[in-house]
Every structure is written in C-alpha cells, then in structure tokens.
2 protein chains.
Amino acid sequence: MGTTQLEAAPEPKYWHLKTVLSEALDSEFAVGEILPNERDLAARFGVARATLRQALEQLELEGRLQRRRGVGTTVAPPRVGVDVSATGHDWPGASGDAWQAVDCVRDAAPAAVADMLETAPDESVHVLRRTRVSHGQPVAAELLYVPAASVPDLTAIDAPSGAARARAVLRELQRLGLDGQDRAVELGSARADDAKELDRLPGAPVLVVTTRYFSEGTTAAVSMATYRADTCRLTFGDTPDVEIHHAPHTQAS
Amino acid sequence: MGTTQLEAAPEPKYWHLKTVLSEALDSEFAVGEILPNERDLAARFGVARATLRQALEQLELEGRLQRRRGVGTTVAPPRVGVDVSATGHDWPGASGDAWQAVDCVRDAAPAAVADMLETAPDESVHVLRRTRVSHGQPVAAELLYVPAASVPDLTAIDAPSGAARARAVLRELQRLGLDGQDRAVELGSARADDAKELDRLPGAPVLVVTTRYFSEGTTAAVSMATYRADTCRLTFGDTPDVEIHHAPHTQAS
DNA sequence: CAGTGGTCTAGACCACAAT
DNA sequence: TTGTGGTCTAGACCACTGT
C-alpha cells in the first residue's frame, strides 16, 4: 500500500463506482438479472446511499440499468434501434407506420409549435396523441398538431374527440400533397402526461424528435415525439437493429 | 385558506420548484443573466440545497440553464441547431465539412466499433480525433475509426501522429467510392476526454451520433461523435437554425 | 405486510475561478 | 481569499409493488 498513491486528479467516488459497476455488469450479470438493493450495495462499497444512487443514475442514463420503484434494479437489455428515417416522405398515419392513434382534442398549441405552424398563439388546432410500441414496450409518445386549415374537409360526422376522431384527421391529412419534412432531435425531460404513456417517472430523460411537414409552401403539421432515452437508439439509415454490445456477452448454454 | 388543498397527487418539491423557476426564467430573466447562488435560492424557496439542485439539474438538462463551478448559474441561450444531415453523402473531411482535425493515433477500436468494422477486436486502426465548433463554442467531439485496409496507400512520409497525420488519412479516404452511410443517435454521458474537449464535466449528458460509412460492400469507417446535449439540437432537414423559444422573450428596448 | 426505489434534510468539505 | 458549484454523508420519511 502507499506505492500507487499518485492520484494527482482525485476521481469522484460516484464516477469510480460507476466504472466498477459497469465492469461488473459486463462480466458478472445477465440481462434482466436484479441487483442487490441500494442500501446493501452502498454498504458493500462503503459509501452513502446518495453517492451510490449517483452512479446508478448515470448507468440508467446510459441504458445499462433499469430501476423500478417498489421492484428493484435490473440489468437492462441493449437499446432498441428505432427507425426514425424519413424514408417514404409519407404523412403520419400512412399505411404501415409504427404509430397507434390514441386520442384527439382541440386545443391551443404551445408557443414554440404555433410559431412553426405560423398560426396565432391562441388558435385552436387538432392535437392528436399517438404512441409507438416496439417489442411489446412503449417507446415513444407523440403529440401531433394539425391546424384546421390543413384538414378543411373534416366532417362533423366523426366523433368530436377520441381515437376515431384522430384516425379521421389522419385520413384527411393524406389528401394533401406532401412537399417534404424537416426533423430535429434534442434532449428533454418527460412531461407528466408523456411519462405516463412511457411508463416512466416525470422528468425521465427523453429524446424529443420534432418533425415539420410541409405542404404547398406552408407547415401543414408539426409532430413532437418523445422517445425513451434509456431504452431507445434512434436510427436514420437503413440498418434499424444492429446489435451493439458493450462487452462480451455471457454465452447462452 | 385551506380551500384549495385537494392535492390528491402530491407533486415532488423539486418538480414544483422546476416549474416555478422555469416560469421565472421566461418572464424575469434575460439570456446570460446570472441567478442567485444555490444557497440563497434554496433559502428563498425554503428547501434544502440538494432539493434545489435537483430542480436546477433538470433545467440544465433541458438547456435552460448553464452552471459553471466557481462562477455561477446563468440563463442559457436557446439551443443551437447543428446540421447532422447526410446531405452530400460525403466522406468525413470532404471540403467544407464542419470538422477540424486534431490528432491521429493508432489504437485498437472498442469492441462495439470493431464489431461494426468487422475487424478483429484487437486489430489496430487509425483513430482520428476531430472537433466541431459552432458560433465560437465547441459543440462536438468525434472519434473516427479507419481500418488500415481503407487507406492502403497511406504513405509513411506523413507524420506518424498528430493533426497532419489525421488530414493525410482523411485525404486518402476521399479516394474510395462512398456507397452510403447509416446513422444512429442515442443518449450517453461524456467520457473524460470528450468532456475536456467540450468544456464540460465528465458524465455530462451528450448525444452520441454513430455513423457508418460503407464502401464496396464493407464498412470503411465508423464515426462516434458526441454532441453537447445541453446546448445542441441536432437537425436533419434543411432548416438548420430556426429559433425555438420557450416563451415570450423580454422585449429589447 | 415487508421491501424497494424516490424524495428530502442539514449539515460538511472539496475543486475551481475570480479578485 | 472569497464565493461559486460539485461531492459526500447519515440519517428520515414517502410512494409504490409485490405477497
């Protein structure tokens, strides 16, 4: 002891912990396996629970762990590749897209969206809610804003709200010519409503994909889709689900 | 008082705090302005410093705040739109791309990268480091992995490492025909080296953009670019830098 | 019910930047 | 040196999930 004490730059404990845990995950745990609880782990490493939690939080952020209140901490499977490419340049709701309509109401769009739609900030638009499921798990929740002007022929026959109404709006959208679209990705934290759809706590990290759909020189619709950042990898090319592993997996049988 | 005490679902303090602060930022602070220090703020809201910090952390994650040790907490400007589209289908280093070569060494690629390159896990490849600057601020750090087989004519004349070597490798890459590329975005946390380039602390949230370059049926190079998640919005369309504001800005004069 | 992760407190000390 | 944010502690209680 004492011979290797050249630590000029003292690494934070939680950072070192994270490294140690990460290596342990690679070599000693299988996907889905549950870890010891936080109090035991903290004791085992000789740190306060808050410090241990700081390390776990980072590992969860990186998609290595999954924590559920009342249940425990489990080793997460590799992130799911979710295709987000603008392949067909299709409208949302085109046949075979990955989304499922949930609801539709009329409401004012948030300022940032009204800005993109070039509508008045208080103008009521159609707000569709859709969800996207992959491998049986919900991966994204979307709010799709459609100005009334984009679906002029929408009949009053359909229900004023609900999933049926949402499908009606999407159907009307298809009648427009789609000139192109435009996409951005940024980090955000889940609002309470999105968190519920995604089976996460409010504030959970999400990747927010904002898409603008152009038709006849104007922005005909805006989609704000929030993907679970812990479980998703957004893919834009033609190779949706290549296995990316962090380390050699334990062999099966 | 007491008439509105119907809170069936008690909101966490830090969540409520975040909302309050967020609204204050919209209405009472200008970009670049410095907030009161954490101890004062915590006292003002009647919470422990750790709780206040939980709220500040979320706001920083959302790009609303910027915190620097020894300096203070400032109101962040809107996120910068950074173009990441695969427009020209060009090789990295093509004339006019946004990157600046920093260094080049030979090293073994990490397992996940070796996998994509279809090289042996311990095979030495060229590892280029580049950085990307936007509006005077570093926004991304990249590691570009190039197998020796992709640049067979690389001469020994050039320096064995350093920026000049990096440019030489890029120059050789241009000679290959580029069949296409393939991109993925996911959330990560900055490694120590990337954090240094990005002027952030290790562990800071980053958007990791993985690009595979295909040539003649094989993966000729792999790029792993880490973008500052707090300050960047990755854009894929043709509208790189539309202003997205969270709320009405205070008027300038 | 018992056990888990989530929230919160009131302190302490450290690393860094500006003065 | 002063003041800032970053790390860390040793507790406490709450909300949720399972049995």
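In what follows, chains carry the letters A, B, and so on, assigned in the order in which the sequence lines appear, proteins first and then strands, with residues in each chain numbered from 1.
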For the pair made of [atom1] in [X] and [atom2] in [N], what is the distance, rounded to whole Å?
{"X": "A:K18", "N": "D:dT7", "atom1": "NZ", "atom2": "P", "value": "12 Å"}
{"X": "B:R53", "N": "D:dC8", "atom1": "CZ", "atom2": "C1'", "value": "11 Å"}
{"X": "B:R39", "N": "D:dG5", "atom1": "CZ", "atom2": "C1'", "value": "7 Å"}
{"X": "A:L56", "N": "D:dC8", "atom1": "CG", "atom2": "P", "value": "14 Å"}
{"X": "B:Q54", "N": "C:dA10", "atom1": "CD", "atom2": "C1'", "value": "16 Å"}
{"X": "A:E11", "N": "C:dA15", "atom1": "CD", "atom2": "P", "value": "14 Å"}
{"X": "A:I34", "N": "C:dT4", "atom1": "CD1", "atom2": "C1'", "value": "10 Å"}
{"X": "B:R69", "N": "C:dA18", "atom1": "CZ", "atom2": "P", "value": "13 Å"}

Does a side-chain N or O of [X] approach OP1 or OP2 of [N] to a distance below 4.0 Å, or not?
{"X": "A:T73", "N": "C:dT4", "result": "no"}
{"X": "A:N37", "N": "C:dT4", "result": "yes"}
{"X": "B:Y14", "N": "C:dT7", "result": "yes"}
{"X": "A:T51", "N": "D:dT7", "result": "no"}

From the set [options], return the single nucleotide nearest to any side-chain atom of [X].
{"X": "A:E38", "options": "C:dG5, C:dT9, D:dT7", "answer": "C:dG5"}
{"X": "A:V71", "options": "D:dG6, D:dT17, C:dT7", "answer": "D:dT17"}
{"X": "B:K13", "options": "D:dT4, C:dT9, D:dT7", "answer": "C:dT9"}
{"X": "B:R49", "options": "C:dT9, C:dG5, C:dA12", "answer": "C:dA12"}
{"X": "B:A48", "options": "D:dG5, D:dT9, C:dA10", "answer": "C:dA10"}
{"X": "A:A50", "options": "C:dT4, D:dT7, D:dT9", "answer": "D:dT9"}

Measure from the side-chain N and O atoms of A:E60 to the backbone N and O of A:R67, and report whether any donor-acceptor pair falls under 3.5 Å.
yes
Would you confirm whether B:E142, through its side chain, and B:T226, through its main-chain N or O, come within 3.5 Å as a donor-acceptor pair?
no
What does B:L201 touch in the nucleic acid at a heavy-atom separation under 4.0 angstrom: a base, only the sugar-phosphate, or nothing?
sugar-phosphate
With a non-hydrogen cut-off below 4.0 angstrom, is B:R68 in contact with a base, only sugar-phosphate, or nothing?
sugar-phosphate
Would you call the rings of B:F236 and A:F236 parallel, tilted or perpendicular, where under 30° means parallel and over 60° means perpendicular?
parallel
Can you confirm whether A:L187 sits close enough to B:L187 that some side-chain heavy atom of one is under 4.5 Å from a side-chain heavy atom of the other?
yes
Using 4.0 Å as the upper bound for N to carboxylate O, is an ion pair formed by B:D230 and B:R64?
no
Kindly determine whether B:Y227 and B:R132 satisfy side chain to side chain donor-acceptor pair (under 3.5 Å), including the steps that lead there.
CA-CA 9 Å; B:Y227 289 79; B:R132 182 168 178 174; 3.0 Å; yes
Judged by each residue's nearest nucleotide on DNA chain C, which is more toward the 5′ side, A:P202 or A:D40?
A:D40
